[in-house]
Amino acid sequence: MGRGATRRSVLAAAASLPVVAAGCSKGIGALGTPPRPSPDVAVVRDAIDAETSMIARYNAVLTAVPALAGSLRPLLQQHHEHLARLRARLIEPRASSQAEDTSSASATPAPPQAPGTPAAAQNYLRLAEQAAAGTLLGKITAAPPSLAQLLASIAASEATHALLLAPGRRPG
Amino acid sequence: MSASPSPSATAASGQEAPLAGSPADRAVAALQTALDAEHAAVYGYGVAGAHLAGAKQKAAARDWAAHEAARDTLAAMIIALGAQPVAAAAAYQLPFPVHGERSAVMLAALLEDRVATAYLGLVALSEARLRMAGARALQSAALRATSWRGAALAFPGLEPPSPGPVLAGQGTTRPGPSTPGPSTPARSTPAPSTPAPSTSGG
């Protein structure tokens, strides 16, 4: 929670500058409207959080079912690529190089509990991929064009992950 | 939030999308790029299906039909915007010789990569309906590509893995028949002399 709150407050502070300036001339108007980051910043931030939590799920599964490592690692690697590309879109004053996937502990409530059998674990990830792809698709209309393209591509990638994680298929 | 289309999609697909002024012009250009890719896919699946058998041929026939439907939908959308849909080329040069199952499967995956890239142009448009249509079509193409390839890509459409050249149309690809082309855009049969995957029924 700490890291998320910090990031949010930094972004909020940046977004509030023009509002405060306008508020000075117009009296108390600015007090009623909590400053919000611009929509695309919020979209990128949400997508980063989603990727981070997806990576946490994969790591939890790999810990619980090491036998799946061979098939899951290529998919996990692609999530790291998604995350890196999304982070490159977000200009943060703090360098985020030290925070790789371990930052999930602060971005999400707790490390996810992965099922212990290969089939259940695979299904667990499949459902997560499907949900993530659907969520991303729902955001593309709120994004500027090039970000929309990135989100659509990542959503498509996650949908294909779900396909490979389907029962009876072995990913990778 | 200005809606200037990113060049990534058109640059990657090698299309010369004229970025004219109005949103309608940009929409038409993006739709034409997607239609062009669908034309090539319809042709290419005809080739691929001829070299496949059994379940793979069935899959090719199903995907081929999907591309035909997408082609007709795109043509109708372009007509609705008052433009003339690009016609299919008379023939397409294959990126590599296709003479067996392996190369046929590779061709199918590559066709889907190319279609995925083409639809990214729609995702960059400002109109939400076209954006979503593009994103969904991109996803469908990525799913088909993964089915053929047996592997996923990190950035379907954005970073196609295929180093080879895309299908190059030979013949008319301009809007309107500048040369006596054999096909009309919307309801043409697949490219001439192309054996269709024949799996009817069952």
Side-chain angles (χ1 to χ4, degrees), chain A residues 38-43 51 54 70-86 88-89 125-126 129-130 132-166 169-172, chain B residues 1-13 17 19 23 26-27 30 59 109 112-113 115-161:
Chain A
S38 71
D40 51 314
V41 170
V43 168
E51 284 295 340
M54 185 70 77
S71 53
L72 294 187
R73 287 220 181 277
L75 305 185
L76 175 58
Q77 172 57 30
Q78 293 184 354
H79 283 295
H80 281 290
E81 292 176 43
H82 298 164
L83 183 59
R85 193 68 63 90
L86 288 165
R89 292 263 174 174
L125 291 178
R126 182 179 65 84
E129 296 272 14
Q130 264 175 357
T135 301
L136 273 187
L137 265 192
K139 308 245 167 164
I140 65 163
T141 53
S146 70
L147 176 59
Q149 289 181 317
L150 176 62
L151 296 181
S153 182
I154 292 176
S157 175
E158 292 178 334
T160 63
H161 289 184
L163 175 68
L164 293 174
L165 290 164
R169 279 196 91 115
R170 281 210 319 260
Chain B
M1 289 290 278
S2 70
S4 61
S6 156
S8 58
T10 50
S13 69
L19 295 180
R26 286 199 292 267
E112 298 296 355
D113 291 343
V115 166
T117 298
Y119 275 109
L120 265 186
L122 283 178
V123 179
L125 297 173
S126 50
E127 197 185 325
R129 182 181 62 93
L130 292 174
R131 248 187 209 204
M132 288 308 292
R136 292 214 170 86
L138 161 65
Q139 185 162 311
S140 297
L143 287 169
R144 289 188 296 259
T146 292
S147 285
W148 288 113
R149 189 176 278 125
L153 303 177
F155 300 102
L158 272 184
E159 291 175 7

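As the structure is a computational prediction, the values presented were derived from the model and not from experiment. Below, chains carry the letters A, B, ... as their sequence lines are ordered, and counting in each starts from 1.
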Give me the atom names and distance for the closest heavy-atom approach of [X] to [Y].
| X | Y | result |
| --- | --- | --- |
| A:His82 | B:Ala154 | NE2-O, 2.8 Å |
| B:Pro156 | A:Ser153 | O-OG, 2.7 Å |
| B:Arg131 | A:Pro144 | NH2-C, 4.0 Å |
| B:Gly150 | A:Leu164 | O-CD2, 3.9 Å |
| A:Gln149 | B:Ala124 | NE2-CB, 3.6 Å |
| B:Ala152 | A:His161 | CB-CD2, 3.5 Å |

Problem set entry | Gap separating the OG1 atom of A:Thr141 from the CG atom of B:Leu130, nearest 0.5 angstrom | 12.5 Å
Exercise. Could you state the interatomic distance from CD (B:Glu159) to CZ (A:Arg85), rounded to the nearest 0.5 Å?
Worked result: 4.5 Å
Give every donor-acceptor pair under 3.5 Å between a side-chain atom in residues 138-146 of chain B and any protein atom, sequence neighbours left out.
from: B:Ser140; atom 1: OG; to: B:Arg136; atom 2: O; distance (Å): 3.1
from: B:Arg144; atom 1: NE; to: B:Glu112; atom 2: OE1; distance (Å): 3.1
from: B:Arg144; atom 1: NE; to: B:Glu112; atom 2: OE2; distance (Å): 2.9
from: B:Arg144; atom 1: NH2; to: B:Glu112; atom 2: OE1; distance (Å): 3.4
from: B:Thr146; atom 1: OG1; to: B:Ala142; atom 2: O; distance (Å): 3.1
from: B:Thr146; atom 1: OG1; to: B:Ala151; atom 2: O; distance (Å): 3.3

Exercise. Between B:Glu127 and chain A, which part of the residue has a heavy atom less than 4.5 Å away: side chain, backbone, both or neither?
Worked result: neither
Problem set entry | Part of A:Leu137 within contact of chain B (heavy atom distance under 4.5 Å) | both
Exercise. Checking heavy atoms, do the side chain of A:Leu151, its backbone, both or neither come under 4.5 Å from chain B?
Worked result: neither
Exercise. Can you list every salt bridge (Lys or Arg N to Asp or Glu O under 4.0 Å) pair that touches residues 147-166 of chain A, not counting sequence neighbours?
Worked result: none
Exercise. Side chains of A:Gln78 and B:Phe155: does their closest heavy-atom pair fall under 4.5 Å?
Worked result: no
